[in-house]
Amino acid sequence: MTAVTPAIDPTRESIQQFAAQFPADTPVVMLNLLRFREQANYADPSVSPCSGRRAYAEYSKLIEPILAAAGGEVVWVGKSFGALIAPSGEVWDEVLLVKYPTKDAFLGMIRSEAYRAIVHHRTAALADSRLVPNTQGL
């Protein structure tokens with residue numbers, strides 16, 4: 001079996017594909033699957049050491065006003081307990097559903113100065129993640 005490469009941040013290609021393919025003027029519900037590092041991995045050595053979970057908590061606190069300004073909201077958050085159907089070893093610590101009014105609201109948020117100033121907490125916190133955009137209904 002091939003090992004899955006951890007994924008933390010979206011790539012330029014995945015953002016371009018999302019922007020091109022996701023329907024315009026349609027709410028986006030982002031499924032976030034998160035696995036935390038034991039120790040956050042900050043690029044800046046002057047940042048006080050902390051757990052990945054603690055670094056993500058800092059990101060969560062700082063993203064609240066940025067998310068609200070984009071019209072987004074956390075719909076659901078919870079602890080994950082393994083997987084019934086998944087590749088061997090693929091487990092997650094936390095699951096979030098975050099709703100945005102449109103893809104442009106999401107894209108505007110992640111391109112904003114305010115978001116770029118805090119995203120390093122998310123990057124430092126995570127050992128692996130998935131971010132899956134969804135629409136309601138079929």
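For clarity, every value in this text was computed on a predicted model and none was experimentally measured.
- When hydrophobic residues (I, L, V, M, F, W, Y) are linked wherever their side-chain heavy atoms come within less than 4.5 Å, the members clustered with Tyr42 are Val47.
- Hydrophobic clustering of Ile, Leu, Val, Met, Phe, Trp and Tyr side chains at less than 4.5 Å, counting indirect connections, keeps Leu33 apart from Val74.
- The local environment of NZ in Lys103 is crowded, with over 12 non-hydrogen atoms from other residues, nucleotides or ligands closer than 6.0 Å.
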- Message: Run Glu73 and Val98 through side-chain contact (heavy atoms from CB on, under 4.5 Å) and show every step you take.
- Response: CA-CA 6 Å; Glu73 64 177 314; Val98 182; over 6 Å; no
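- Note that the CG atom of Asp93 and the OG atom of Ser129 stand 11.5 Å from one another [nearest 0.5 Å].
- Listed by chain and number, the residues in a ring pair (Phe, Tyr, Trp, His ring centres under 6.0 Å) with Tyr115 amount to none (sequence neighbours excluded).
- Nearest heavy atom pair, residue Val91 against residue Gly82, reads CG1-CA, 4.3 Å.
- Ala40 and Ala55 get closest at one heavy-atom pair: CB-CB, 3.7 Å.
- How far CG of Leu62 is from CG of Leu67: 12.5 Å, rounded to the nearest 0.5 Å.
- To the nearest 0.5 Å, atoms CD (Glu58) and CD1 (Ile63) are separated by 12.0 Å.
- Remark: His121 NE2 to Leu126 CG distance equals 12.5 Å, nearest 0.5 Å.
- Contact check on Glu90 versus Arg130 returns a salt bridge, with a Lys/Arg side-chain nitrogen under 4.0 Å from an Asp/Glu carboxylate oxygen.
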Give the table of side-chain donor-acceptor pairs shorter than 3.5 Å for residues 20-32, with sequence neighbours excluded, one pair per line with atom names and distance.
residue : atom : partner : partner atom : Å
Gln21   : OE1  : Gln17   : NE2          : 3.4
Thr26   : OG1  : Ala24   : O            : 3.0
Asn32   : ND2  : Met30   : O            : 3.2

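- Closest non-hydrogen pair, Met109 versus Ile66, comes out as CG-CG2, 3.6 Å.
- Screening residues 35-53 for salt bridge (charged side-chain N to carboxylate O under 4.0 Å, His left out) gives Arg35-Asp128, Arg53-Glu94 as the qualifying pairs, with residues at least two apart or on separate chains.
- Ser14 places no side-chain N or O within 3.5 Å of a backbone atom of Pro10 that could act as its donor or acceptor partner.
- A 4.5 Å side-chain heavy-atom check between Ile110 and Val119 finds every atom pair outside the cut-off.
- Both Val132 and Trp92 are assigned to one and the same hydrophobic cluster, defined by single-linkage of ILVMFWY side chains at heavy-atom distances under 4.5 Å.
- Between atom NZ of residue Lys79 and atom CZ of residue Phe81 there is a gap of 5.0 Å, rounded to the nearest 0.5 Å.
- By the side-chain hydrogen bond (donor to acceptor under 3.5 Å, both in side chains) test, Asp9 pairs with Thr123, sequence neighbours left out.
- Between the OH atom of Tyr59 and the CZ atom of Arg122 there is a distance of 5.5 Å, given to the nearest 0.5 Å.
- Of all heavy-atom pairs spanning Tyr56 and Leu96, the tightest one is OH-CD1, 4.3 Å.
- Under the side-chain hydrogen bond (donor to acceptor under 3.5 Å, both in side chains) criterion, Arg116 pairs with Glu113, not counting sequence neighbours.
- The two atoms that bring Pro101 and Gly72 nearest to each other are CD-N, 4.2 Å, heavy atoms only.
- Residues Tyr100 and Trp76 fall into different hydrophobic clusters, defined by Ile, Leu, Val, Met, Phe, Trp and Tyr side chains chained together at heavy-atom separations under 4.5 Å.
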